[in-house]
Number of protein chains: 2
Amino acid sequence: MTKARQAVQEILDAAGTPLCALDVEERAGSLCDPATIYRSLHYLEERGLAESFVLHCEAHGTERYYVSGKAQHRHWFHCERCHRFVDLGACRVEPILRDMEDDTGVTIRSHTLYASGFCSACRGL
Amino acid sequence: MTKARQAVQEILDAAGTPLCALDVEERAGSLCDPATIYRSLHYLEERGLAESFVLHCEAHGTERYYVSGKAQHRHWFHCERCHRFVDLGACRVEPILRDMEDDTGVTIRSHTLYASGFCSACRGL
DNA sequence: GTTCCTTTTGCGAATGATTCGCAAAATCAA
DNA sequence: TTGATTTTGCGAATCATTCGCAAAAGGAAC
């Protein structure tokens with residue numbers, strides 16, 4: 001494990017929230033080139049040390065977010081106003097996906113689920 | 001409703017599968033400029049006549065897919081091999097999302113769920 | 001159907017996230 | 001330490017998507 005990969009992994013592990021490449025870059029400071037951040041994220045994802053999902057929000061456009069693969073697989077809520085993520089807890093859709101596999105004959109290897117709306121702090125504003 | 005918007009809407013309504021902007025363009029022929037396809041898709045989505053989700057696949061990168069908003073809200077499976085979509089049926093996660101709202105205090109206005117893997121035809125290949 | 005005003009379109013340039021090419025630097029194995 | 005392999009930095013390239021702006025189209029009241 002190289003210095004850059006190690007650092008990116010530690011950043012994701014410690015984050016507690018999904019991070020986009022730019023977020024990781026900021027936290028890494030001038031440790032390495034931005035391109036290396038992207039390459040490190042791919043490297044970690046290939047090995048199951050990270051997972052990602054692509055979120056589209058009106059304000060920030062389309063960005064890929066990464067979370068540590070060390071924590072239990074979980075889902076996230078994205079606030080359309082403050083753009084913070086809220087942890088929705090461990091994945092609860094596996095049984096539904098099993099049913100869908102049975103119904104359709106597909107073999108599901110991964111899934112993406114996230115929700116958007118307003119967090120409790122932004123709700124009344 | 002202008003000619004371009006009308007055409008894009010009809011294309012989505014008739015597709016039976018999610019389409020990316022390029023797919024819509026191909027089906028529209030030389031009816032209008034590509035930029036107008038994008039603008040029409042936005043227009044339709046704003047008015048609830050279409051919905052979209054962003055899918056990242058190794059082979060085609062990150063693309064935004066659109067489906068008609070006229071059909072019941074449903075979820076899709078994306079085959080990692082043939083890149084076709086399989087309809088997973090009407091949305092079954094609403095109750096889970098309600099629970100998540102109760103647990104966390106967020107207000108969910110929309111959600112994205114899709115699965116990836118191998119379709120039945122590609123499974124053994 | 002003309003006039004004036006608003007909206008939409010075409011076209012080309014710009015954007016922004018991400019990826020690539022390639023030579024230099026770092027790692028690894030023997 | 002040496003030679004082979006992998007990774008990095010840096011700048012250029014890519015790809016989907018968006019913008020700016022002037023021309024074209026649509027709409028509403030005469």
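Lettering of chains follows the sequences in order, A, B, ..., and the numbering in each one begins at 1.
Listed nucleotides: D:dC10, D:dA16, C:dT8. Nearest to the side chain of B:Glu63: D:dA16. When distances run from any side-chain atom of B:Ala35 to the nucleotides C:dT8, C:dC20, C:dC11, the shortest one goes to C:dC11. You'll find that the side chain of A:Arg5 is closest to D:dT7, out of D:dG9, D:dT7, D:dT17. Side-chain atoms of B:Tyr38 lie closest to D:dT18 of the nucleotides C:dC11, D:dT18, C:dC20. For B:Ala21, whose side chain is taken as the heavy atoms from C-beta onward, the closest listed nucleotide among D:dG11, D:dT17, D:dC21 is D:dT17. Nearest to the side-chain atoms of B:Thr36 among the listed nucleotides D:dC19, D:dC10, C:dT9 stands C:dT9.
Atoms CG (B:Leu19) and C1' (D:dA16) sit 16 Å apart, rounded to a whole Å. Spacing between atom CG of A:Asp23 and atom C1' of C:dT18 amounts to 15 Å, rounded to whole angstrom units. Spacing between atom CG of A:Leu22 and atom P of C:dT19 amounts to 14 Å, rounded to whole angstrom units. When the C1' atom of D:dT6 is taken as reference, atom CG of A:Asp33 falls 17 Å away, rounded to whole Å. Nucleotide D:dT8 holds its P atom 12 Å from the CD atom of A:Gln6, rounded to whole Å. Spacing between atom CZ of B:Arg39 and atom P of D:dC21 amounts to 14 Å, rounded to whole angstrom units. Whole-Å rounding puts the A:Glu58 CD to D:dT18 C1' distance at 12 Å. Remark: C1' of D:dT6 and CE of A:Met1 are 15 Å apart, rounded to the nearest angstrom.
For A:Arg47, the CZ atom sits in a packed shell: over 12 heavy atoms of surrounding residues, nucleotides or ligands are nearer than 6.0 Å.
In terms of modelled atom types and a separation under 3.5 Å, the side chain of A:Glu101 and the main chain of A:Ile108 share a donor-acceptor contact. Using a distance-only test at 3.5 Å, with no hydrogens or angles considered, a donor-acceptor pair links the side chain of A:His75 to the main chain of A:Leu113. A donor-acceptor contact shorter than 3.5 Å is absent between the side chain of A:Glu51 and the backbone of A:His73.
Within 4.0 Å of B:Arg64, counting heavy atoms only, lie sugar-phosphate atoms of the nucleic acid but no base atom. At a threshold of 4.0 angstrom between heavy atoms, the contacts of A:Leu31 are confined to the sugar-phosphate backbone, with no base atom among them. Backbone-only engagement by A:Cys32 is indicated by non-hydrogen atom pairs under 4.0 Å involving sugar-phosphate atoms exclusively. Using a 4.0 Å heavy-atom criterion, one finds that B:His42 contacts the sugar-phosphate atoms exclusively.
Taking side-chain N and O atoms only, A:Thr2 has a distance below 4.0 Å to OP1 or OP2 of D:dT8.
In this structure, A:Arg39 is not positioned above the aromatic face of A:Tyr43 in the sense of NZ or CZ being under 6.0 Å from the six-membered ring centre and within 45° of the axis.
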